[in-house]
Amino acid sequence: MLQGPYGSLDRDRDRPLIRLPFTGFAVGTVLLPLTGLVTCLVTSLIYHFEDATYTHCLVSNYLPSISAAISRVPERYIWRCCIGLHSAPRYLVAAAYFSFYRGRFAKRLPELLLSGLALLCSLAENTGLLLLTYVSSTETYSVHKNGFIVFIASSLLHMLITCRLWQVIRRQYVNPEERTSYRWKVRLFVFNAICCVAAAYFFRRHNKFCETGG
């Protein structure tokens, strides 16, 4: 909503120019990487199947890795556009969460320090995501790999700290929404950790044994 010249009343100056529900904003932000990833995978399978599924040991591969799916044209531009739009709001959300934690834990030094660490992890996670996005594996592999490591490590640590902070919040407050939020955060952390361990195992196994998919 655009606002024209101010009226004669002072209260007009305090009216917001744009109103955006946080839930819709968050859902849209979260869906951007998923939408971009699915689009890149489908595009890679249709137009770049041989290149995207190529392996160093020349065994059959049926689906491209994420790095392979986002490293070719036009896939890399689709992915970069989605992540660019996704990342800017995430920096704002990280600052908003830190402000929320600071208000809740103003008189609790350990949790306040954890809140600061959570902010740093969130910033590192988002920066790592941008790094692995804008430096593809086919351009500078070492930079892409290090960006991926920073992204995964800071993501897991951030989720672990978040679960701890919300565990304290759940003990102090009886808001049903906050209890539900805590349970979902724990479930997502466990699921994410299992997926990361499984991905690391299969990545190492593939590089070591070069097994076929058949």
Side-chain angles (χ1 to χ4, degrees), residues 22-42 44 63-71 78-80 82-98 100-101 104 111 113-137 143-171 177-207:
F22 182 78
T23 301
F25 177 77
V27 170
T29 300
V30 169
L31 286 179
L32 278 170
L34 178 61
T35 302
L37 179 60
V38 171
T39 303
C40 289
L41 285 172
V42 172
S44 295
L63 287 174
S65 66
I66 294 177
S67 294
I70 65 175
S71 62
I78 296 172
W79 179 249
R80 288 173 181 177
C82 289
I83 294 302
L85 294 173
H86 167 80
S87 296
R90 284 190 61 182
Y91 283 113
L92 298 177
V93 170
Y97 264 110
F98 178 68
F100 169 78
Y101 292 143
R104 286 294 178 95
E111 283 75 21
L113 294 176
L114 279 178
S115 302
L117 183 58
L119 174 63
L120 293 178
C121 288
S122 181
L123 296 177
E125 175 189 351
N126 202 28
T127 303
L129 178 61
L130 287 172
L131 187 62
L132 71 90
T133 294
Y134 287 94
V135 182
S136 67
S137 60
V143 175
H144 179 84
K145 180 182 72 174
N146 290 330
F148 183 80
I149 292 172
V150 170
F151 169 69
I152 292 296
S154 58
S155 173
L156 289 174
L157 183 57
H158 176 248
M159 291 184 72
L160 180 62
I161 295 172
T162 299
C163 288
R164 168 58 186 167
L165 292 174
W166 280 84
Q167 182 183 38
V168 176
I169 291 175
R170 188 188 64 164
R171 292 174 181 173
E177 293 182 356
E178 292 175 344
R179 287 201 296 267
T180 302
S181 177
Y182 167 73
R183 286 195 293 267
W184 273 108
K185 285 175 171 60
V186 172
R187 293 168 186 166
L188 291 173
F189 170 70
V190 172
F191 176 76
N192 193 30
I194 292 173
C195 289
C196 288
V197 171
Y201 167 76
F202 287 113
F203 178 79
R204 180 176 177 80
R205 178 166 180 165
H206 169 71
N207 285 327

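None of these values were measured; they are calculated from a predicted model.
For the residue pair R164 / Q167, a side-chain donor-acceptor distance below 3.5 Å is found, with atom types taken as modelled. Side-chain contact of Y182 with T162: a donor-acceptor pair under 3.5 Å is absent, judged by distance alone. For the residue pair W79 / Y134, no side-chain donor-acceptor distance below 3.5 Å is found, with atom types taken as modelled. Using modelled atom types and a 3.5 Å distance limit, the side chains of S67 and H144 yield a donor-acceptor pair.
Across N192 and M159, no two heavy atoms sit closer than the pair ND2-SD, 3.3 Å. Closest of all the heavy-atom pairs between G147 and L131 is CA-CD2, 3.7 Å. Of all heavy-atom pairs between C121 and S154, the closest is O-CB, 3.6 Å.
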* Using the side-chain contact (heavy atoms from CB on, under 4.5 Å) rule, take L37 and I66 through it: C-alpha gap first, then chi angles, then the decisive distance, then the call. => CA-CA 8 Å; L37 179 60; I66 294 177; 4.0 Å; yes
* **Step-by-step side-chain contact (heavy atoms from CB on, under 4.5 Å) determination, V150 to T127** => CA-CA 8 Å; V150 170; T127 303; over 6 Å; no
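By the 6.0 Å contact criterion, CZ on F203 is open, its count of non-hydrogen atoms from other residues, nucleotides or ligands being 12 or less. The environment of CZ in F98 is crowded: more than 12 heavy-atom neighbours from other residues, nucleotides or ligands sit within 6.0 Å.
Below 30°, between 30° and 60°, or above 60°: for W166 and F100 the angle between ring planes is below 30°, a parallel geometry.
With sequence neighbours excluded, no residue forms a side-chain hydrogen bond (donor to acceptor under 3.5 Å, both in side chains) with T35.
Considering SG of C163 and CZ of R187, their distance stands at 11.5 Å, rounded to 0.5 Å. Between atom CD1 of residue I78 and atom OG of residue S44 there is a gap of 8.5 Å, rounded to the nearest 0.5 Å. Here NE2 of H158 is found 9.0 Å from CG of L123. Values are rounded to the nearest 0.5 Å. Between the CG atom of L119 and the CG atom of L114 there is a distance of 12.5 Å, given to the nearest 0.5 Å. The OG1 atom of T133 sits 9.0 Å away from the NE2 atom of H86 when rounded to the nearest 0.5 Å. Taken to the nearest 0.5 Å, the CG atom of N126 stands 11.0 Å off from the OG atom of S155.
Side-chain contact between S137 and S71 is present, with at least one heavy-atom pair separated by less than 4.5 Å. Inter-residue side-chain proximity for L63 and L41 is flagged as unmet; no heavy-atom pair is nearer than 4.5 Å. Put simply, the side chain of R90 reaches to within 4.5 Å of the side chain of L129, judged on heavy atoms. Inter-residue side-chain proximity for Y101 and I161 is flagged as unmet; no heavy-atom pair is nearer than 4.5 Å.
A salt bridge does not link E111 with R104: every distance from a Lys NZ or Arg NE/NH1/NH2 to an Asp or Glu carboxylate oxygen is 4.0 Å or more.
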